[in-house]
K.L.:
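Shown below is the structure under consideration.
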Amino acid sequence: MRVALLANLKKNAPHWQGMPEDQWADLDSEGTIDALVSAIRSGGYECEFLEGDESILDTIRSYKPDICFNICESHTGDAREAQVPALLEKLRIPYTGSKVLTLALALDKPMTKRILYWHELPTPAFQTYESADEPLNDDLHFPLFVKPSREGTGMGVSAKSVVHNEKELYDQVKFTLEKYQQTVLVEQFIEGREVTVGFVGNLTKPVARRLPENHTSPRIQAGLRFFPPMEVDLKPYLETDVVYSNRLKVALAEELTYLCPAPLDDQTVNYLQWLAAAVFRVTGALDVSRIDFRLDANDHWKPYILEINPLPGLSVGISDIVIEAAADGLSHTGLVLLILETALRRYGMW
Ligand SMILES: Nc1ncnc2c1ncn2[C@@H]1O[C@H](COP(=O)(O)OP(=O)(O)O)[C@@H](O)[C@H]1O
Ligand SMILES: [Mg+2]
């Protein structure tokens, strides 16, 4: 069977004047691409890397893959992660992971939060800003957190994202609007621990409008393989970064202490897994995801959902879900093949 690995290499990304210095923090290195190709080949598949830009209309027609392993973030546009899957749908070629609607949705944090709110899933209260002169909603109280709506890898996230008064709020909103040229998300700041939950699989029950009340019910997690949650120990950086900033995620990634499994009791892990399954379900995600949480130090460590990452990073030894899988005895190769085979099974090809 022939698998095309579709991704966007950092070195192939376009450059333009005035673009933010962290513009391509999400894209992949050649090392990651090589590791993914070898992982797929070691499962007995043929595999080639194809750059996930408009050239795939030609390269896919000539390579003729049976399935694509898609991790494209793409370059521009408010639904950029959905662009390559949209082309694949047109070409009627199967691909791993979530589809067009979910990828477009998950890239937009406020849109995702509206859905989480509707399902009564806990996510910090929020407001969006299209310009820096809009009044603050009454239900939001300082400290607040300011970030771009449609970026990842901590882009636009630094100690300055935490704001304590209107002056800091409006300065940071203005700065973020100008730098990232997109709607700005302002959330209640959740002081506490940083935990992320990764998993592979698909729910075996049909999607319901509401989730069962009983959140310990194994029913709604059936079909998902959860890895042990990971905590990023931010204590050494509370003075400098406060949160899991772009600086920590990129420049200091190798220095950080990742606690995996995170020191959490079984009940908390169960609840986080239930919430993660619920987010996966209500956003219509497929095959793999990682959900980011903050646990509120001021409210009995109540978990808040920050976002769903339906295309979690897959860099060897660095990406969160890779570390989580390793803690569960699954190598990088094992993780990649599990994602591929989960998709093949979903398409009835395995
Ligand atoms: N409301 C919030 N309260 C506290 N910290 C936050 C909040 N939102 C984001 N953060 C911090 O910023 C980091 C990045 O935010 P996140 O929404 O996960 O975006 P990204 O797509 O960049 O990962 C989080 O891991 C967390 O440390
Ligand atoms: Mg995140």
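Order of listing sets the numbers, starting from 1, for every ligand and every atom in it.
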K.L.:
Among protein heavy atoms, which lies nearest atom 5 (N) of ligand 1, and at what distance?
P.N.:
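Checking every protein heavy atom, the shortest distance to atom 5 (N) of ligand 1 gives Arg294 NE, 3.5 Å.
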K.L.:
Kindly assign one of parallel, tilted or perpendicular to the pair Tyr117 and Phe126, based on the angle between their ring planes and the thresholds 30° and 60°.
P.N.:
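Tyr117 vs Phe126 ring planes: tilted.
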K.L.:
Under a heavy-atom criterion of less than 4.0 Å, does Glu191 contact ligand 1?
P.N.:
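Outside the 4.0 Å threshold, so no.
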K.L.:
For ligand 1, which atoms, with element, lie under 4.0 Å from some heavy atom of Gly152?
P.N.:
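What qualifies from ligand 1 is 20 (P), 21 (O), 22 (O).
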K.L.:
Indicate whether the side chain of Thr102 and that of Thr283 have a donor and an acceptor atom separated by less than 3.5 Å.
P.N.:
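Short answer, no.
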K.L.:
Would you mind listing every ring pair (Phe, Tyr, Trp, His ring centres under 6.0 Å) that reaches into residues 54-84, with sequence neighbours excluded?
P.N.:
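The answer is Trp24-His75.
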K.L.:
Any idea how many protein N, O or S atoms are nearer than 2.8 Å to the Mg ion (ligand 2)?
P.N.:
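Total protein N/O/S atoms under 2.8 Å from the Mg ion (ligand 2): 2.
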K.L.:
Side chain to side chain contact (heavy atoms under 4.5 Å, CB included), that's the test. Do Leu275 and Ile291 meet it? Break it down for me.
P.N.:
CA-CA 9 Å; Leu275 288 174; Ile291 318 282; over 6 Å; no
K.L.:
For ligand 1, is there an N or O atom under 3.5 Å from any N or O atom of Val157?
P.N.:
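There is no such contact.
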K.L.:
How are the rings of Phe199 and Phe280 set to each other: parallel, tilted or perpendicular (split at 30° and 60°)?
P.N.:
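Aromatic pair Phe199/Phe280 classed perpendicular.
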K.L.:
For atom 7 (C) of ligand 1, which of the options Phe189, Phe145, Phe126 provides the nearest non-hydrogen atom?
P.N.:
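That would be Phe145.
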K.L.:
Provide, to 0.1 Å, the distance between atom 21 (O) of ligand 1 and the closest protein heavy atom, together with that atom's residue and name.
P.N.:
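Nearest neighbour among protein heavy atoms for atom 21 (O) of ligand 1, to 0.1 Å: Lys109 NZ, 2.8 Å.
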K.L.:
Can you sort out which atoms of ligand 1 are near Glu151, meaning under 4.0 Å from one of its heavy atoms?
P.N.:
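It comes down to these atoms of ligand 1: 21 (O).
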K.L.:
Would you say that more than 12 heavy atoms from the other residues, nucleotides or ligands in this model lie under 6.0 Å from the CG of Asn298, or not?
P.N.:
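Yes, CG of Asn298 has more than 12 neighbouring heavy atoms, counting only those of other groups under 6.0 Å.
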K.L.:
With a 3.5 Å cut-off and no angle check, do the side chains of Ser55 and Asp58 form a donor-acceptor pair?
P.N.:
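Their side chains do not contain a donor-acceptor pair, so the 3.5 Å distance test is not met.
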K.L.:
Carefully, step by step, assess Ser42 and Leu337 under the rule side chain to side chain contact (heavy atoms under 4.5 Å, CB included).
P.N.:
CA-CA 9 Å; Ser42 75; Leu337 292 176; 4.3 Å; yes
K.L.:
Step by step, would you call Glu194 with Arg294 a salt bridge (Lys or Arg N to Asp or Glu O under 4.0 Å)?
P.N.:
CA-CA 5 Å; Glu194 177 88 26; Arg294 293 280 283 189; 2.6 Å; yes
K.L.:
Looking only at protein heavy atoms, identify the closest one to atom 25 (O) of ligand 1 and say how far it is in Å.
P.N.:
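Sorting protein heavy atoms by distance from atom 25 (O) of ligand 1 puts Glu194 OE2, 2.3 Å first.
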K.L.:
I need the nearest protein heavy-atom contact for atom 16 (P) of ligand 1: residue, atom name and distance, please.
P.N.:
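Of the protein heavy atoms, Glu307 OE2, 3.7 Å lies nearest.
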K.L.:
Suppose we measure from atom 15 (O) of ligand 1 to each protein heavy atom; which comes out shortest, and what is that distance?
P.N.:
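So the nearest neighbour among protein heavy atoms is Lys147 NZ, 4.1 Å.
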K.L.:
Regarding Arg2 and Asp66, does a basic nitrogen lie under 4.0 Å from an acidic carboxylate oxygen?
P.N.:
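Between Asp66 and Arg2 there is no salt bridge, as every charged N stays at least 4.0 Å from the carboxylate O atoms.
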K.L.:
To check your reading of the model: name the closest protein heavy atom to atom 3 (N) of ligand 1, its residue, and the distance in Å.
P.N.:
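Going by distance alone, atom 3 (N) of ligand 1 is nearest to Ile190 N, 2.9 Å.
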K.L.:
How close does the nearest protein non-hydrogen atom get to atom 22 (O) of ligand 1, and which residue and atom is it?
P.N.:
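Minimum-distance protein heavy atom for atom 22 (O) of ligand 1 reads Gly154 N, 2.6 Å.
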K.L.:
List the closest protein heavy-atom neighbour of atom 2 (C) of ligand 1: residue, atom name, distance to the nearest 0.1 Å.
P.N.:
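Answer for atom 2 (C) of ligand 1: Glu187 OE1, 3.6 Å.
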K.L.:
Walk me through it: do Glu178 and Lys174 pass the test salt bridge (Lys or Arg N to Asp or Glu O under 4.0 Å)?
P.N.:
CA-CA 6 Å; Glu178 278 168 12; Lys174 196 160 174 288; 3.6 Å; yes
K.L.:
Can a side-chain donor-acceptor contact be found between Asp28 and Asn8 if the only test is distance below 3.5 angstrom?
P.N.:
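Side-chain D/A pair, Asn8 to Asp28: absent.
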K.L.:
Indicate, as side chain, backbone, both or neither, the part of Thr153 found under 4.0 angstrom from ligand 1 when only non-hydrogen atoms are considered.
P.N.:
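Backbone only.
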K.L.:
Checking side-chain polar atoms at under 3.5 Å, does Asp292 have a donor or acceptor matched by the opposite partner on Thr196?
P.N.:
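Side-chain D/A pair, Asp292 to Thr196: present.
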K.L.:
Compute the shortest N/O to N/O distance between Asn309 and ligand 1 and return yes if it is under 3.5 Å, no if not.
P.N.:
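No; every N/O pair is 3.5 Å or more apart.
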